[in-house]
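One structure is given here, and the rest of the page talks about it.
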Number of protein chains: 2
Amino acid sequence: MNEVSEFVEHAALYFGGLGLSRTGGRIMGLLLTVDENGVDAPELCSALAVAKSSVSVELRRLEDGGLIERFRLPGHRRDRFRLADDVFGNAFRAQMSKFHAFTDLAERGLGVVGDDPVKRRRLERMRDMYAFMAERFPALLDEWEQGA
Amino acid sequence: MNEVSEFVEHAALYFGGLGLSRTGGRIMGLLLTVDENGVDAPELCSALAVAKSSVSVELRRLEDGGLIERFRLPGHRRDRFRLADDVFGNAFRAQMSKFHAFTDLAERGLGVVGDDPVKRRRLERMRDMYAFMAERFPALLDEWEQGA
DNA sequence: CATTGTGTTCGGTTTGTGCCGAACAAACTG
DNA sequence: CAGTTTGTTCGGCACAAACCGAACACAATG
């Protein structure tokens, strides 16, 4: 059991690179090691040695971000949590929204920079590149999802 | 001139999403609005209302990250700064290294999760997905770079 | 060789955020 | 309807990072 907690710690590092807090990353790591029955909050508390208030807010954030699912077994009165069906697809889609954000930013830049063509060129190229990626990415996802 | 500083502030928000500090993002935003002659540190200080020590360390970090170029006009003795030639290409390549990181993480997970096939399946799928993306992404970049 | 200009480094302060324990609210039970 | 269980919210503390002004190192100039 110590092996998984070591893995969980590693995972927390990696997910931290995606903007998650440390405990958020730890939760994701632990959820990677369980099956579709998921875990409940007290289990997370003891497994990760984290206060239940912290897991509560963190679970909420992960749920809002579409990374995990909250569900309840019929007849029980305690929430359980598991990874969302398509966590990583969702992660990629989140990246895509960043693409759109950057095309918007480039547009905005074109609005404030003057007529100097050399200044405009880079912003246009930035806008077009992110637009290109945003356009191509879904196809890549589709290819993956139906391909394998 | 107030228009660009408004844009700069927006840009800082966006770049903050990429792990840059606020002033780092502001610098990037301002550099998006200038030509290949770039700007120098005092200009950044006054334009952004930031201490010169802060811009110094931030410029260093951006330079180390390959986001900006430090250069000097012949005959002058003051450094100037502009965006790196392929800032956004570099940004995408950085994302790709995250892909590899996540395949590694999945491998590690497969090492600690047991034989349960349903547990293994998701980790395998995670590993394969990121590997797929890491494999396809360079081609996408190439297509963009030579296509347009 | 003194002086000025340029960039980096250092200590200290502020700001933001994560996390905790306790109080609270809401839903279920007998 | 009292008592429990479950989840969220609140106030405060602690740690990390950003930022500043001043001191510093170095190079170029005259």
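Numbered from 1 within each chain, the chains take letters A, B, ... in sequence-line order. Keep in mind that the numbers below use all heavy atoms, side chains included, and drop hydrogens, waters and symmetry copies.
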Without decimals, in angstroms, what is the distance between [X] [atom1] and [N] [atom2]?
X        : N       : atom1 : atom2 : value
Arg22(B) : dC20(D) : CZ    : C1'   : 17 Å
Asp40(A) : dT6(D)  : CG    : P     : 9 Å
Leu44(A) : dT8(D)  : CG    : P     : 13 Å

ask   = Under the side-chain contact (heavy atoms from CB on, under 4.5 Å) criterion, do Trp144(B) and Met129(A) qualify, and how do the steps go?
value = CA-CA 7 Å; Trp144(B) 161 253; Met129(A) 175 176 186; 3.5 Å; yes

With rounding to the nearest 0.5 angstrom, report the [atom1] to [atom2] distance, [X] to [Y].
X         : Y         : atom1 : atom2 : result
Arg127(B) : Leu105(B) : CZ    : CG    : 12.5 Å
Arg93(A)  : Leu141(A) : CZ    : CG    : 5.0 Å
Arg72(A)  : Arg77(A)  : CZ    : CZ    : 8.5 Å

inquiry  = Does any part of the side chain of Phe81(A), heavy atoms only, come nearer than 4.5 Å to the side chain of Leu59(A), both counted from C-beta?
reply    = yes

inquiry  = Using side-chain heavy atoms (C-beta onward) and a distance below 4.5 Å, is Lys52(B) in contact with Leu44(B)?
reply    = no

ask   = For residues 56-80 of chain A, which residues have at least one heavy atom under 4.0 Å from DNA chain C?
value =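 Going residue by residue through residues 56-80 of chain A, the ones with a heavy atom under 4.0 Å of DNA chain C turn out to be Arg61(A), Arg77(A).
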
Quick one: which protein N/O atoms are closer than 3.5 Å to N/O atoms of nucleotides 11-14 of chain C? Pair and distance per line, please.
none

ask   = Under 3.5 Å, side chain of Arg80(A) to main-chain N/O of Arg70(A), donor-acceptor pair present?
value =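 Judged by distance alone, no pair lies under 3.5 Å.
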
request  = Taking Glu145(A) for its side chain and Asp142(A) for its backbone only, find out whether a donor-acceptor pair lies under 3.5 Å.
outcome  = no

query = Which part of the nucleic acid does Ser21(B) contact within heavy-atom distance under 4.0 Å: base, sugar-phosphate only, or nothing?
reply =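 Here Ser21(B) touches the backbone only, sparing every base.
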
Would you list the protein and nucleotides 22-24 of chain D atom pairs, both N or O, that sit under 3.5 Å from each other?
none

request  = Taking all non-hydrogen atoms of both residues into account, name the closest pair between Thr33(B) and Leu30(B) and its distance.
outcome  = OG1-O, 2.7 Å

request  = Check Phe132(B), Phe137(B), Phe99(B), Phe102(B) against Phe92(A) for a ring-ring contact (aromatic ring centres under 6.0 Å, His included) and give me the one that passes.
outcome  = Phe99(B)

